Student: 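One structure coming up, written as structure tokens, with questions to follow.
When reading the values below, keep in mind they use all heavy atoms of this one structure, side chains included, and skip hydrogens, waters and symmetry mates. Quick caveat, the model's predicted, so the values are computed rather than measured.
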Amino acid sequence: MKKRWTEDEDDYLKYFVFSGDSAIKDAAELLEKTPAAVSARLTELRKIDQSVQYLYRRWTEKEDNYLRENYLKYNAKILAKNLGRTVESVKS
């Protein structure tokens, strides 16, 4: 049986993505839910409340260096694929 999301859990998720300092798996462990359930709930919350942010993975120093070394060699699409990022995030 599925356990319903509580208002406190929803509030935690909203703050969690606002603070942006952890990964989905961290929230899932704290809430005793699966990462997929947390991700799905965030998607539902965004449909209800447009102020719920997306969780962005911070760029590592290694990724930054890779971009600096390769931005003239490859286009944004290839760089994004190699880094597991979106094209838009590579461009920005």
Side-chain angles (χ1 to χ4, degrees):
M1 184 168 110
K2 277 187 172 180
K3 183 179 150 195
R4 290 198 168 279
W5 287 85
T6 67
E7 188 175 335
D8 287 341
E9 290 171 330
D10 286 348
D11 288 343
Y12 169 76
L13 284 180
K14 290 174 186 178
Y15 176 76
F16 172 79
V17 296
F18 173 76
S19 65
D21 59 355
S22 297
I24 290 282
K25 68 178 181 69
D26 296 333
E29 286 176 16
L30 183 95
L31 295 171
E32 298 179 352
K33 308 240 184 217
T34 66
V38 170
S39 184
R41 185 58 182 169
L42 283 169
T43 299
E44 288 302 312
L45 289 173
R46 285 186 201 103
K47 290 177 183 176
I48 299 166
D49 181 355
Q50 291 181 345
S51 70
V52 177
Q53 299 178 4
Y54 288 86
L55 188 62
Y56 298 103
R57 184 168 46 107
R58 295 183 193 274
W59 287 82
T60 66
E61 187 174 334
K62 185 177 178 179
E63 290 172 318
D64 286 340
N65 289 336
Y66 178 84
L67 283 179
R68 284 185 197 100
E69 294 169 5
N70 294 289
Y71 79 98
L72 293 175
K73 296 178 193 172
Y74 305 110
N75 66 33
K77 187 175 181 180
I78 292 172
L79 293 169
K81 182 180 177 192
N82 291 345
L83 292 169
R85 299 282 186 162
T86 65
V87 173
E88 288 305 312
S89 66
V90 167
K91 287 179 178 179
S92 68

Student: Under a 4.0 Å threshold between the charged nitrogen and the carboxylate oxygen, would Glu44 count as salt-bridged to Arg41?
Tutor: no
Student: Before giving the answer on side chain to side chain contact (heavy atoms under 4.5 Å, CB included), spell out for Ile24 and Leu42 the whole-Å C-alpha distance, their side-chain angles and the decisive distance to 0.1 Å.
Tutor: CA-CA 10 Å; Ile24 290 282; Leu42 283 169; 3.7 Å; yes
Student: Calculate, to the nearest 0.5 Å, the distance between atoms CG and CG belonging to Leu13 and Asp8 respectively.
Tutor: 11.0 Å
Student: What closest approach, in Å, do Lys33 and Val38 show between heavy atoms, and which atom pair accounts for it?
Tutor: CB-CG2, 4.2 Å
Student: Answer with yes or no whether the hydrophobic clustering places Trp5 together with Leu30; edges join I, L, V, M, F, W, Y residues whose side-chain heavy atoms lie under 4.5 Å apart.
Tutor: yes
Student: Going hydrophobic residue to hydrophobic residue with side-chain gaps under 4.5 angstrom, can you get from Trp59 over to Leu79?
Tutor: yes
Student: Mind checking the CD-OG spacing from Glu63 to Ser89? Nearest 0.5 Å is all I need.
Tutor: 8.5 Å
Student: Do Ile78 and Asn82 have side chains that get closer than 4.5 Å, going by heavy atoms?
Tutor: yes
Student: Please report the shortest heavy-atom distance between Ala28 and Thr34, naming the atom on each side.
Tutor: CB-C, 3.7 Å
Student: Checking Asn70 now: which residues fulfil side chain to side chain donor-acceptor pair (under 3.5 Å) with it, not counting sequence neighbours?
Tutor: none
Student: Checking the side chain of Glu29 only, and the main-chain atoms of Asp26 only, is there a donor and an acceptor separated by less than 3.5 Å?
Tutor: no
Student: Once salt bridge (Lys or Arg N to Asp or Glu O under 4.0 Å) is applied, do any residues pair with Lys73, and if so which ones, sequence neighbours excluded?
Tutor: none
Student: Just checking Tyr74: does its OH atom have more than 12 heavy atoms from other residues, nucleotides or ligands closer to it than 6.0 angstrom?
Tutor: no
Student: Taking the side chain from Glu9 and the backbone from Thr6, do they hold a donor-acceptor pair closer than 3.5 Å?
Tutor: yes
Student: Is there a side-chain contact between Asn65 and Thr60 in this structure, where contact means two heavy atoms from C-beta onward sitting under 4.5 Å apart?
Tutor: no
Student: Who passes side chain to side chain donor-acceptor pair (under 3.5 Å) against Tyr71, sequence neighbours left out?
Tutor: none
